Amino acid sequence: MFFSNLVRQHVAALRALLVLTVILGLGYPVFIWLVAQIPGLHDKANGSIVEANGKPVGSSLIGQLFTDDKGNALPQYFQSRPSAAGDGYDPLATSASNLGPESIVDGADKPSLLTLVCQRSAAVGELEGVNGARPFCTGGGESVGAVLSVIGPRDAAGNVVHPTRVVSVNEPCETTKVPFLNTYEGVRVECAKFGEDYSLGQIVPIRGAAAADPAVPADAVTASGSGLDPDISPAYAAIQVDRVAKARGVSPDVIRTAIDDNLTGRALGFLGEPRVNVLALNLELDQKYPVKS
């Protein structure tokens with residue numbers, strides 16, 4: 001009796017396994033695939049692949065680099081926002097930098113988010129011919145975070161009241177002889193020395209004289225959370241117009257019209273921000289205004 005019940009239970013379990021395998025392992029995936037082939041869903045389901053001259057050149061949902069083999073921006077193309085996904089826009093390594101607003105002091109082998117932003121802003125400013133200065137960044141071509149470690153006795157709130165030593169923590173003596181600031185509250189500012197720990201001091205970012213509204217927009221200097229963002233802001237597109245127009249030998253107004261062609265507004269009129277798809281924009285420019293060899 002016991003054996004026959006045991007057999008019946010196993011047969012029932014096996015039957016349920018086979019039925020569920022057919023339904024969930026075969027039927028459901030086939031059903032979803034068929035739904036995905038409905039017009040309007042087909043392109044998205046297959047990766048939103050964009051083709052040019054019959055060849056796939058990318059996806060409208062995944063950003064990509066428009067640089068040469070040395071990483072230099074190709075002047076005839078609009079540039080995408082930075083990416084922290086692998087070597088850039090790698091769908092298999094999608095990620096953010098995991099650096100937040102408090103990342104302002106450089107590590108021994110990894111720059112802070114502040115320094116990354118400062119360096120990118122300076123580079124974009126030089127490329128586009130605009131002012132790349134930003135608040136809390138040092139001046140010069142290799143801008144870094146303008147951050148001091150202020151050492152001395154503290155008050156009850158933990159603030160240094162009488163500085164005895166001040167160090168520019170993101171400017172090592174190996175790369176600079178003159179810190180971005182000469183003195184702070186009457187104390188001479190030193191450059192940092194490799195291997196020394198300045199964490200005992202109060203970390204003080206220095207705003208500097210840069211405008212509160214930088215010419216280089218935020219999406220030009222920060223990566224998206226996924227590292228795959230295919231779009232840029234209209235503001236970032238606008239500062240690239242003159243460079244692209246010159247490289248293609250056309251009027252800047254022509255380039256602005258192409259930007260408008262590829263501009264998407266806020267979803268439902270109020271969600272998100274207006275954006276420009278970089279791949280679609282560059283493909284339109286290649287089609288209408290190819291670079292003359």
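In this text the structure is predicted, and so the values were computed from the model without any measurement. When a residue number appears, it is its place in the shown sequence, counting from 1.
At a threshold of 4.5 Å between non-hydrogen side-chain atoms, the residues Val244 and Pro75 do not count as touching. Counting heavy atoms from C-beta outward, Lys288 and Asp261 have side chains that approach closer than 4.5 Å. Counting heavy atoms from C-beta outward, Glu185 and Val187 have side chains that stay 4.5 Å or more apart. With contacts defined as side-chain heavy-atom distances shorter than 4.5 Å, the pair Phe180/Ile206 qualifies. No side-chain heavy atom of Pro230 sits less than 4.5 Å from a side-chain heavy atom of Ile62. The closest side-chain heavy-atom distance from Leu263 to Pro274 is below 4.5 Å. In this structure the side chain of Leu181 never reaches within 4.5 angstrom of the side chain of Ser168, judged on heavy atoms.
Ionic pairing of Asp219 and Arg81 is not present here: no N-O contact between side-chain nitrogen and carboxylate oxygen is shorter than 4.0 angstrom. One finds no salt bridge joining Glu126 and Arg243 here, because no Lys/Arg side-chain nitrogen approaches an Asp/Glu carboxylate oxygen to under 4.0 Å.
There is a path of hydrophobic side-chain contacts, each under 4.5 Å, that joins Val221 to Val278. When the side chains of ILVMFWY residues are joined at heavy-atom separations under 4.5 Å, either directly or via intervening members, Leu116 and Val105 end up in two distinct hydrophobic clusters. Linking ILVMFWY side-chain heavy atoms closer than 4.5 Å, directly or via other members, places Ile104 and Val204 in two distinct hydrophobic clusters. By the rule that hydrophobic residues join a cluster once side-chain heavy atoms approach within less than 4.5 Å of another member, Leu127 and Val241 end up as members of separate clusters. Residue Tyr198 is grouped with residue Phe136 when hydrophobic side chains (ILVMFWY) are merged at heavy-atom distances under 4.5 angstrom, including chains of intermediate members.
Smallest separation of non-hydrogen atoms from Gly201 and Ile151: CA-CG1, 3.8 Å. Across every non-hydrogen atom of Ser83 and Ala85, the tightest pair is OG-N, 3.2 Å. Summarising the geometry of Val166 relative to Pro163, their closest heavy-atom pair is CG2-CB, 4.2 Å, with the distance given to 0.1 Å. Pairing each heavy atom of Arg120 with each of Ala223, the nearest pair is NH1-N, 4.1 Å. Closest approach of Val167 to Arg165, counting heavy atoms only: CG2-NE, 3.9 Å.
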Can you list the steps and then say if Val147 with Ile203 is a side-chain contact (heavy atoms from CB on, under 4.5 Å)?
CA-CA 7 Å; Val147 181; Ile203 300 300; 3.4 Å; yes
Run the numbers on Arg134 and Val216 for side-chain contact (heavy atoms from CB on, under 4.5 Å), then give the verdict.
CA-CA 8 Å; Arg134 304 185 82 82; Val216 178; 3.7 Å; yes
As a quick check of understanding, evaluate side-chain contact (heavy atoms from CB on, under 4.5 Å) for Leu99 and Lys110, giving each step before the final call.
CA-CA 11 Å; Leu99 299 177; Lys110 187 176 183 180; 4.2 Å; yes
Could you walk me through whether Gln119 and Ser143 satisfy the side-chain contact (heavy atoms from CB on, under 4.5 Å) test, starting with their C-alpha distance in whole Å, then the side-chain angles of each, then the deciding distance to 0.1 Å, before giving a yes or no?
CA-CA 5 Å; Gln119 291 174 346; Ser143 297; 5.5 Å; no
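In this structure, Thr183 contributes its side chain and Gly186 its backbone to no donor-acceptor pair below 3.5 Å. A donor-acceptor contact shorter than 3.5 Å is absent between the side chain of Asn170 and the backbone of Ala192. In this structure a side-chain-to-backbone donor-acceptor pair under 3.5 Å is missing from Thr175 to Glu171. One N or O on the side chain of Thr94 and one on the backbone of Ser226 form a donor-acceptor pair closer than 3.5 Å. Judged by distance alone, with hydrogens and angles left aside, the side-chain atoms of Gln240 form no donor-acceptor pair with the main-chain N or O of Glu128 at under 3.5 Å. With Asn262 contributing its side chain and Val276 its backbone, the two residues share no donor-acceptor pair below 3.5 Å. Checked by atom type and distance alone, the side chain of Gln76 never pairs as donor or acceptor with a backbone atom of Arg248 at under 3.5 Å. Not a single donor-acceptor pair under 3.5 Å links the side chain of Arg154 to the backbone N or O of Val160. Within the 3.5 Å criterion, the main-chain N or O of Gly145 finds a donor-acceptor partner in the side chain of Thr115. Formation of a donor-acceptor pair under 3.5 Å by the Thr138 side chain with backbone atoms of Ala146 is not found in this model.
Put simply, OG on Ser224 and CG on Asp231 are 9.5 Å apart, with the number rounded to the nearest 0.5 Å. Interatomic distance, OH of Tyr89 versus CG of Leu65, reported as 6.0 Å (0.5 Å rounding). One distance of note links CD1 of Ile259 with CD1 of Ile232; it measures 7.0 Å at 0.5 Å rounding. Once rounded to the nearest 0.5 Å, the distance linking CZ of Phe78 with CG of Leu279 reads 13.5 Å. Going from atom CG of Leu285 over to atom CD1 of Ile255 covers 5.0 Å, rounded to the nearest 0.5 Å.
Enclosure of atom CG in Asp87 is not indicated, since only 12 or fewer non-hydrogen atoms of other residues, nucleotides or ligands lie within 6.0 angstrom. Sparse packing is recorded around CD of Glu102, with 12 or fewer heavy atoms of other residues, nucleotides or ligands lying under 6.0 Å away. The 12-atom threshold is not exceeded at CG of Asp213, counting heavy atoms of other residues, nucleotides or ligands nearer than 6.0 Å. For Glu196, the CD atom sits in a packed shell: over 12 heavy atoms of surrounding residues, nucleotides or ligands are nearer than 6.0 Å.
Side-chain atoms of Tyr77 and Asp286 include a donor-acceptor pair closer than 3.5 Å.
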